[in-house]
Each structure stands twice: as structure tokens, then as C-alpha cells.
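First comes the structure, then the notes that go with it.
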Amino acid sequence: MLFLTILLTRTKRVLLCFKKVLVKALAATALLTVVLTAAMAIFSNADSIGFKSLILWMAMFFVGSWCSLCVFESLKYAGSVFHRYDEDIIGNAFTGMNRKSSLFEVGMEMFHQRYFGDALEVFAQIDGDDFSKTPEEQGVLSFYKGRCYDFMDWNPNAVNCYENAEKFGFNIPELPIFLARCYAKTGNTTKALEMFTSLMDSDQKYSDHMRVEIGRMYIKLNDGKTALKWFNEAIDRRESYANALGGAAIAHTLLRHFDKGEEMYRMALLNNIDDPNGYTVYYKEIQAAVLLEAHNKEKQ
């Protein structure tokens, strides 16, 4: 049964690719027909091209270009069974040969190109009353709307979408983390801390990252002392070690322990912290702001 399901899904994907490239195939056929007609008129001694011959050439051009373009489109999917992006997250949602599924793929393309506002408009269109959706599709749609709002820092909207995704049965290990982060950004630190602590005590995939997440939350609250406590616990436990070192560097800097902050900063880089370039920019910005604040206080 599994083999037949995969075969059926792949067949649907191929048909979808054929549908996508139909307009391009027609355009290629028209162009090649014009080129052929012009070439025959210039280089052939014949006064005209027979109608049947022209139709035959057009049919050959159409089939050839349609199949070639379909193969090219299919290559974009690599090893995916159906969806080009996030197949493990989307699952069996939006796999139909309909406008709803086509729109969703357009939205996903925009999302992965980081055009979050445009992607959100597409997802909102699908979320309207014009399209019926299964609970699975509604959960996936709410999640990606939440991700768009999250990246755009519209945190209350992101919280609503993430909660709706959960209501429709959508569940991935990252969702509670995204939700807790948004709670923290909206000022609901009690709820965020409760969720982070719950995840920390669980056996879930990211449980050993939660001390670092809690530390980051307190960094955002400008509470370097509490943040440092959580980062130090993570360092002692070797949990997300490089990121914990990086967080400790920020916390020490907020507390004006500049030498210790520099030491932790170098250790974080040496231990391959995530996104070292982005982290370095962030660290230097925090350091400059704290140094300026200290300088201004000394002048008063």
C-alpha cells in the first residue's frame, strides 16, 4: 500500500508539472514555428510550407518542449515525493491538482525567498472562504502564516496563528519553541518561561536547548544577571555549548564584565557558534551600546 501511495503521489506531481509548463510549452511551440517558417522561407526553394507539414512540426515542437520543460520542472523537487519545500512538515496537505494547492506552492516559493509579506498575502487568500480546507491543511496554513508574522515581528498575530495550528492538530518539535519565543516578545514572560521549562524537562528533540532559550529571553529583557545564570547552567551541562558561550558573552557585556565577555565571545567562535557573522555583528552592537552608556554615566 505504501508503494502505491508513493506512486500515486509522484504521478500527481508529474501531472502537476505538466500543468505548470503548459503555457511555456505553447509559447515555445509558437516561437519554434515562427523560426521554422522563416528558415524555410529563406533557405528553401519552396514557395510555401504545406499545412499538414506545419501542423506536424507544431505537434512535434509542442510535445518535445512540453516534455523537456516538465523534466526541468521536476528536477526542482529533487528527492521529494510531492512538495518542493518542507515536505516533512507539510505532509499530505495541499497535494491536489487544484488552484488552492497551486497557490500554496506559490506562497511557499515566496516564503523561502524571504518575501514574507507577499507570502502572507497568498496564505491569507487561501485562508479565505473561497477555498475549503481539511483540518491538516488548515493547521499547515496557520503555521506558515505564523512563521510569516514571526519573521515580520508581528508577534501577537504569530501567537494567534501558532495556537490555531495546534488546535487543528499541527505538531512539530519546533512549534512550542516558536510559540514560547513569541510569548516572550509580547511581554508574556511567565507563559514563555512556563513553556521553556516544560520543554526542558521533556525528552523532546530540543529539550537540551531550553536553558539557552531562557537565557536569550532574559537578554531581551535586559536582565543580564538572570540570563547569565541560565547560560552558565547550559555551559556546565554542555547543552548547546557554543550558543551558551555566546549568550554568556552577551550577558557579561550587559553586566559590564567586558574582559570576561571578550573571552566568552572568542570561545563561542572557536566552538562554532551558529551564524558566526550574524552573532559577531550582534555582539559588537551590544558591546558598543553598553560602552556608550557607561561613558555617558561617567561624564555625568
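Nothing fancy with the numbering, it's 1 onward along the sequence. Atoms considered below: every heavy atom in the structure, side chains included; atoms not considered: hydrogens, waters and symmetry mates.
- Closest non-hydrogen pair, Cys182 versus Ala158, comes out as SG-CB, 3.8 Å.
- Shortest non-hydrogen contact noted between Asn243 and Asp274 is ND2-OD2, 3.0 Å.
- In plain terms, the two heavy atoms of Gly224 and Leu254 that are nearest each other are CA-CD1, 4.2 Å.
- Taking hydrophobic clusters as Ile, Leu, Val, Met, Phe, Trp and Tyr residues chained together by side-chain heavy-atom distances below 4.5 Å, Phe178 shares a cluster with Met108.
- By the 6.0 Å and 45° rule, Arg99 does not stack over the aromatic ring of Phe131.
- A donor-acceptor pair is defined here as one N or O able to donate and one able to accept, closer than 3.5 Å; no such pair exists between the side chain of Tyr279 and the backbone of Ile273.
- Note that CZ of Arg266 is 12.5 Å distant from CG of Leu245, once rounded to the nearest 0.5 Å.
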Take Glu166 and Asn171 through the side-chain contact (heavy atoms from CB on, under 4.5 Å) test and state the conclusion after the steps. CA-CA 6 Å; Glu166 286 187 327; Asn171 183 35; 5.9 Å; no
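- Considering every non-hydrogen atom in both Met195 and Ala180, the closest pair reads CB-CB, 3.9 Å.
- Partner of Phe143 under the ring pair (Phe, Tyr, Trp, His ring centres under 6.0 Å) criterion, out of Phe111, Tyr149, Phe170: Phe170 alone.
- No more than 12 heavy-atom neighbours from other residues, nucleotides or ligands sit within 6.0 angstrom of NZ on Lys167.
- Rounding to the nearest 0.5 Å gives a distance of 5.5 Å between CD1 of Ile126 and CG of Leu141.
- Panel note: side chain Lys133, backbone Gly128; a donor-acceptor pair is recorded below 3.5 Å.
- When the side chains of ILVMFWY residues are joined at heavy-atom separations under 4.5 Å, either directly or via intervening members, Ile219 and Leu228 end up in two distinct hydrophobic clusters.
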Between Arg114 and Phe151, is a side-chain contact (heavy atoms from CB on, under 4.5 Å) present by the stated rule, with each step listed? CA-CA 9 Å; Arg114 303 189 70 81; Phe151 282 117; 4.2 Å; yes
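- Between the side chain of Lys100 and the backbone N or O of Ser132, at least one donor-acceptor pair lies under 3.5 Å.
- Under the 3.5 Å distance criterion, with hydrogens and angles disregarded, a donor-acceptor pair is assigned to the side chains of Thr226 and Asp223.
- Here His209 contributes atom NE2 and Ser240 contributes atom OG; the two are 5.0 Å apart, rounded to the nearest 0.5 Å.
- No chain of hydrophobic side-chain contacts below 4.5 Å, direct or via other Ile, Leu, Val, Met, Phe, Trp or Tyr residues, connects Met217 to Leu175.
- Of the possible polar contacts, one joining the Glu137 side chain to the Phe94 backbone as a donor-acceptor pair under 3.5 Å is found.
- A salt bridge links Lys229 with Glu233: the closest approach of a Lys/Arg side-chain nitrogen to an acidic carboxylate oxygen falls below 4.0 angstrom.
- Gln138 and Asp127 share a donor-acceptor pair across their side chains, judged by distance under 3.5 Å alone.
- Note that Lys225 lies outside the cation-pi zone of Tyr218, set by a 6.0 Å cut-off to the ring centre and a 45° limit from the axis.
- Between Phe104 and Tyr144, the angle of the ring planes goes over 60°, which puts this pair in the perpendicular group of the 30/60° scheme.
- The two residues Ser142 and Cys161 have their closest heavy-atom pair at O-CB, 3.3 Å.
- Side-chain contact check for Glu121 and Gln125: no donor-acceptor pair (N or O, by modelled atom type) lies under 3.5 Å.
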Quick one: do Val212 and Ile214 satisfy side-chain contact (heavy atoms from CB on, under 4.5 Å)? Show the steps, please. CA-CA 5 Å; Val212 171; Ile214 294 171; over 6 Å; no
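- In summary, Lys185 and Asp150 engage in a salt bridge, as defined by a charged side-chain N under 4.0 Å from a carboxylate O.
- With no hydrogens or angles considered, a side-chain donor-acceptor pair links Glu262 and Tyr283 at under 3.5 Å.
- Tracing side-chain contacts under 4.5 Å through hydrophobic residues (I, L, V, M, F, W, Y), one never reaches Ile286 starting from Trp230; they form parts of separate clusters.
- Side-chain contact between His112 and Asp86 is present, with heavy atoms from C-beta onward closer than 4.5 Å.
- The line from NE2 of His252 to CD1 of Ile250 is 11.5 Å long, rounded to the nearest 0.5 Å.
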Steps toward side-chain contact (heavy atoms from CB on, under 4.5 Å) verdict (Phe231, Asp236): CA-CA 9 Å; Phe231 288 132; Asp236 291 341; over 6 Å; no
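- Atoms OG1 and CD, on Thr134 and Glu136 in that order, are 5.5 Å from each other to the nearest 0.5 Å.
- Rounded to the nearest 0.5 Å, atoms CZ (Arg211) and CG (Leu199) are 12.0 Å apart.
- Here the closest non-hydrogen pair linking Thr189 and Leu221 is CG2-CD1, 3.5 Å.
- With Asn188 contributing its side chain and Ala184 its backbone, the two residues share no donor-acceptor pair below 3.5 Å.
- Taking 4.5 Å as the limit, every side-chain heavy atom of Met210 sits out of range of all side-chain heavy atoms of Thr197.
- In this model, a donor atom of one side chain and an acceptor atom of the other lie less than 3.5 Å apart for Tyr265 and Thr280.
- The hydrophobic clustering, which links ILVMFWY residues whose side-chain heavy atoms are closer than 4.5 Å, places Val159 and Phe168 apart.
- Heavy-atom contacts from other residues, nucleotides or ligands closer than 6.0 Å to OH of Tyr115 number 12 or fewer.
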